Amino acid sequence: MSSTLSLGGTTSLVNDNLITVEKNGKIVPLVCSKNAVVTGDEKSGKIKINFTENPLKIGKVSKQRIVIVTSSQVFLYGHKSYCHFATWNSKTPITAATSHEDISRVFFGHEDGRIRIMKITGSGFASDVTLDSSSSKKDCSIMAMDCDGKTLAVVDETGWVTVWNIEVNNQLLYSLKLQETIATTVCVAPQTLLIGTMDGAIIGLEKDTVKFRINGHTAGVTSIVSKADPNVSPQLCVSTGEDGRILLFTSSGSVIKSELIGDYLLTGMNEQEREQFFLRADYAKVNREKINLPSASVSFSPFVEQNKFRLIELNEDLELALKRGEDVVIRGDPKDGVVVCTDTKTFDIKMCTTSNELLVSPDLIISRNKEGPEKSEPKGVSMDELLDRVQASKTQILDELDRLGAVNRDGWKLVTDMEKVAQAICMTIDSESWSIAAIDAEGLAQTVNDAGEVYPEWAIYHCLKNMSISENMGTFELCPKRLSIQVALFILKDNAEKTGQSIILDEFMEVWSAVLPSEVTPELNDLFGFAYLSSDSSRGKSTEVINYLNPMSLPREPLTLFNYLFSLKKQWTEAELQALAKRVTPPGKQASAIISKFCRQSKSSTGAKLFTSKTPNNNNASE
């Protein structure tokens, strides 16, 4: 294909609108457009195959044949000379379709919920089979379907997902009802079924169980593609959305990257798409007359953000207690966790992380809310309270609050999840190719939240302030070191929470460097306030690994701190101990003096300083 040939401007909001075929030893794209399929051929340029209806699907059914599906007809073509072989007319409107080139079959979903399988011969359509499904009994339109050559998956307009094994007599594998979900696309990946929805979410199913939900887009998901490599797990997946973004993620639910698609041009909605859009608007109870195509504004009540109530997910015992009329009481003390009690049992209440989290920490200097989870953001500690409780001057207290990254919002509080906000900021800077020397806070906050992660603006501004060198009229110059530290903290903390294991040092450095903007150089020594190195022989050979060390859990008394550190490993480097000893070093003293008091110094074979405990019992720790 000619490198100058462009198909820009020929795409539409039709799902499954692009395939590539091999012609004369080169790859040629075929694209569904309005009333046509457009092909880019180096000899004849753009060739249009025109139709009276807009195509719903273009797909391969063999190495030499393609099908083009409209709402009432199916066309069989050869892609070498674009020769038309046959046409099949459907008596019932077709609403979705899929095919697979390895099995020479095309699958149709109809407006009445029926699933039809059509066998393709060399020059025409052969056998026609209708599947029995949960959908066919509901007279519901099929919204999306996909086939990988072995498995067929279908989703109807009420959210019913039905999956068949088409290798074994079209055996029904399972059906599952997704609540309050309008599907727009589906992808069969190895061991996982991926469903895109009208509200921009991607739902991952394993067999008949929902494994994850990614809020990847701010508008409908238009397509999902999986790499489908059976030798790789999890699979690498890509989705596109009507919000103009492309999402890179894994089939296990981990988001890798979200960014703008770029120079793709959308030509608008055809009549069928417009009517589908209006039907979806009716589901959302949006007035058709107020819709501004191809998007609509949805207003929320002015009382939504008052935070007077919290939803609590009940387990079976609590649900039964309420149904029986028993007392269910929330109890808690400022020094304890919050619990909910029935007449006979007590359960912990845990705040679930959502996309609307207010990043507030219950640290030692923060008073907890006595009312339990009624308020999402507890009241902090006033400066007067701190002066009464802390043996230091006001200036020293303010300096320490600044070092800890505290924020004054109805009292002083610590933001424990600032590294999550920093990670979102870093990903946005990288995807938008911004310079860290001039970051517009307002634009950054909007872009971060547009990508799907919703953080309060105050949290984003606070994070920028703590990572910046200077600020001028809302524009921040970020400190490369502070940004790299927060990103590393996110990687280490996230890994520790999910796996409870260390990370091979070389792998960690590779990931850390890849995530950071190109103008930021990572320095390992910057991390020793919350990380340490050790050797791990359980991986087959002695491997250097990096471990997360929660700074909030470390003892605040010198002897206790060093006893704890030497219980983790026998020998520590000077850089590691210097970073950790600062937290217990009194004003006016050096950390080295504290280290000398509690540690015995030696040297490695390379001349580097190593420290062991002066307490004999502590020297039994592993290397």
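Quantities reported herein were computed from a predicted structural model and do not represent experimental measurements.
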Q: Which residues pass the salt bridge (charged side-chain N to carboxylate O under 4.0 Å, His left out) test with Lys498, not counting sequence neighbours?
A: Asp494
Q: Within the 4.5 Å heavy-atom criterion, are Leu152 and Thr98 side-chain neighbours or not?
A: yes
Q: Glu510: what forms a side chain to side chain contact (heavy atoms under 4.5 Å, CB included) with it, not counting sequence neighbours?
A: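 Scan of Glu510 (side chain to side chain contact (heavy atoms under 4.5 Å, CB included), adjacent residues dropped) gives none.
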Q: Specify the closest pair of heavy atoms between Ala579 and Gly529, including all atoms of both residues, with the distance to one decimal.
A: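 Scanning both residues, the minimum pair turns out to be CB-N, 3.7 Å.
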Q: Any chance the side chains of Thr185 and Ser223 put a donor and an acceptor closer than 3.5 Å?
A: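 The answer is no; no qualifying pair exists.
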Q: Can you sort out the partners of Lys465 under side chain to side chain contact (heavy atoms under 4.5 Å, CB included), two or more places apart, ordered by chain and number?
A: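 Side chain to side chain contact (heavy atoms under 4.5 Å, CB included) check on Lys465 returns Phe476.
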Q: Look up atom OG in Ser470 and atom CG in Leu478, then write down how far apart they are to the nearest 0.5 Å.
A: 9.5 Å
Q: If the test is side chain to side chain contact (heavy atoms under 4.5 Å, CB included), which one of Ile214, Val210, Val221, Val186 qualifies with Ile203?
A: Val210
Q: Between Gly443 and Asp440, which heavy-atom pair has the shortest distance, and what is it?
A: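 Heavy atoms of Gly443 and Asp440 come nearest at N-OD2, 2.7 Å.
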Q: Within the 4.5 Å heavy-atom criterion, are Tyr564 and Leu549 side-chain neighbours or not?
A: yes
Q: Return the set of residues passing side chain to side chain donor-acceptor pair (under 3.5 Å) with Ser433 (not counting sequence neighbours), or none when no residue passes.
A: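 Not a single residue meets the side chain to side chain donor-acceptor pair (under 3.5 Å) criterion with Ser433.
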Q: Could you grab the distance from atom CG of Leu247 to atom NE2 of His217, nearest 0.5 Å is fine?
A: 5.0 Å
Q: Could you work out, with side chain to side chain contact (heavy atoms under 4.5 Å, CB included) as the rule, every residue matching Tyr461, not counting sequence neighbours?
A: Ala441, Glu442, Glu457
Q: Might you work through the side-chain contact (heavy atoms from CB on, under 4.5 Å) test for Ile224 and Phe249, ending with a clear yes or no?
A: CA-CA 10 Å; Ile224 304 175; Phe249 64 100; 4.1 Å; yes
Q: Looking at every non-hydrogen atom in both residues, tell me the closest pair between Asn547 and Leu533 and how far apart they are.
A: ND2-C, 4.1 Å
Q: For the residue pair Ala422 and Gln486, what are the closest heavy atoms and their distance?
A: CB-CB, 3.4 Å
Q: How about Lys481: does its NZ atom have over 12 heavy atoms from other parts shown lying under 6.0 Å from it?
A: no
Q: So how far is it from Ile546 CD1 to Glu507 CD, rounded to the nearest 0.5 Å?
A: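 Between Ile546 CD1 and Glu507 CD, I get 12.5 Å after rounding to 0.5 Å.
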Q: Return a table of donor-acceptor pairs under 3.5 angstrom between the side chains of residues 514-527 and protein atoms on other chains or two or more places apart.
A:
from, atom 1, to, atom 2, distance (Å)
Glu519, OE2, Ile436, N, 3.1

Q: Please step through side-chain contact (heavy atoms from CB on, under 4.5 Å) for the pair Thr447 and Glu432, ending with a clear verdict.
A: CA-CA 9 Å; Thr447 306; Glu432 300 293 332; 3.7 Å; yes
Q: Rounded to the nearest 0.5 Å, what separates atom CE in Met198 from atom OG1 in Thr184?
A: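 Taking CE in Met198 and OG1 in Thr184, the distance rounds to 9.0 Å.
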Q: Do Leu398 and Trp412 come within less than 4.5 Å of each other through their side chains, counting heavy atoms only?
A: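 Yes, at least one pair of side-chain atoms sits under 4.5 Å.
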Q: Would you confirm whether Thr222, through its side chain, and Thr240, through its main-chain N or O, come within 3.5 Å as a donor-acceptor pair?
A: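 A pair under 3.5 Å: yes.
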Q: Indicate yes or no for a side-chain donor-acceptor contact from Asn495 to the backbone of Gln501 under 3.5 Å, with no hydrogens or angles considered.
A: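 Judged by distance alone, yes, a pair lies under 3.5 Å.
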Q: Quick one: side chain to side chain donor-acceptor pair (under 3.5 Å) partners of Ser468, sequence neighbours excluded?
A: none
Q: Tell me, please, which residues at least two apart from Ser431 pass side chain to side chain donor-acceptor pair (under 3.5 Å).
A: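 Residues passing side chain to side chain donor-acceptor pair (under 3.5 Å) with Ser431: none at all.
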Q: Minimum heavy-atom separation for Leu492 to Tyr548, with atom names?
A: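 Scanning both residues, the minimum pair turns out to be O-CB, 3.9 Å.
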Q: Would you say the side-chain atoms of Asp430 pair up with the backbone N or O of Cys426, donor to acceptor, closer than 3.5 Å?
A: no
Q: Heavy atoms, side chains only, cut-off 4.5 Å: are Leu577 and Leu565 in contact?
A: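 SC-SC contact between Leu577 and Leu565 confirmed.
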Q: Compare all side-chain heavy atoms of Leu444 with those of Trp434 and state whether any distance is below 4.5 angstrom.
A: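 The answer is yes, as the side chains (C-beta and beyond) meet within the 4.5 Å cut-off.
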Q: With heavy-atom distances below 4.5 Å as the criterion, would you say the side chains of Ser239 and Cys187 are in contact?
A: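 No, every pair of side-chain atoms sits at 4.5 Å or beyond.
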Q: Would you say Ile485 and Phe530 make side-chain contact, with heavy atoms under 4.5 Å?
A: yes
Q: Checking Leu193 against Thr151 for the side-chain contact (heavy atoms from CB on, under 4.5 Å) test, could you report, in this order, the C-alpha distance in whole Å, the side-chain angles of both residues, the deciding distance, and whether it holds?
A: CA-CA 10 Å; Leu193 186 65; Thr151 303; over 6 Å; no
Q: In Å and rounded to the nearest 0.5 Å, what is the OG to NZ distance from Ser99 to Lys57?
A: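 Going from OG on Ser99 over to NZ on Lys57, the span is 5.0 Å.
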Q: What pairs meet the side chain to side chain donor-acceptor pair (under 3.5 Å) rule with one or both residues in residues 572-584, with sequence neighbours excluded?
A: Lys569-Glu576, Thr573-Glu576
Q: To the nearest 0.5 Å, how far apart are CG in Leu248 and CG in Leu236?
A: 4.5 Å
Q: Using the ring-ring contact (aromatic ring centres under 6.0 Å, His included) criterion, which residues pair with Phe508? Sequence neighbours excluded.
A: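 Testing Phe508 for ring-ring contact (aromatic ring centres under 6.0 Å, His included), a comparison that skips the adjacent residues, returns Trp512.
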Q: With sequence neighbours excluded, tell me which residues meet side chain to side chain donor-acceptor pair (under 3.5 Å) with Glu206.
A: none
Q: Less than 4.5 Å apart, any side-chain heavy atom of Ile595 and any of Phe562?
A: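 With C-beta onward as the side chain, the pair touches.
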Q: If the condition is salt bridge (charged side-chain N to carboxylate O under 4.0 Å, His left out), which residues does Asp148 pass it with, not counting sequence neighbours?
A: none
Q: Under the criterion side-chain contact (heavy atoms from CB on, under 4.5 Å), I'd like the reasoning laid out for Ile425 against Met467: C-alpha separation, chi angles, the key distance, then a yes or no.
A: CA-CA 11 Å; Ile425 290 173; Met467 297 193 302; 4.2 Å; yes
Q: Kindly give the heavy-atom pair with the smallest separation between Thr192 and Phe212, and that separation in Å.
A: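 Residues Thr192 and Phe212, closest heavy atoms: CG2-CE2, 4.4 Å.
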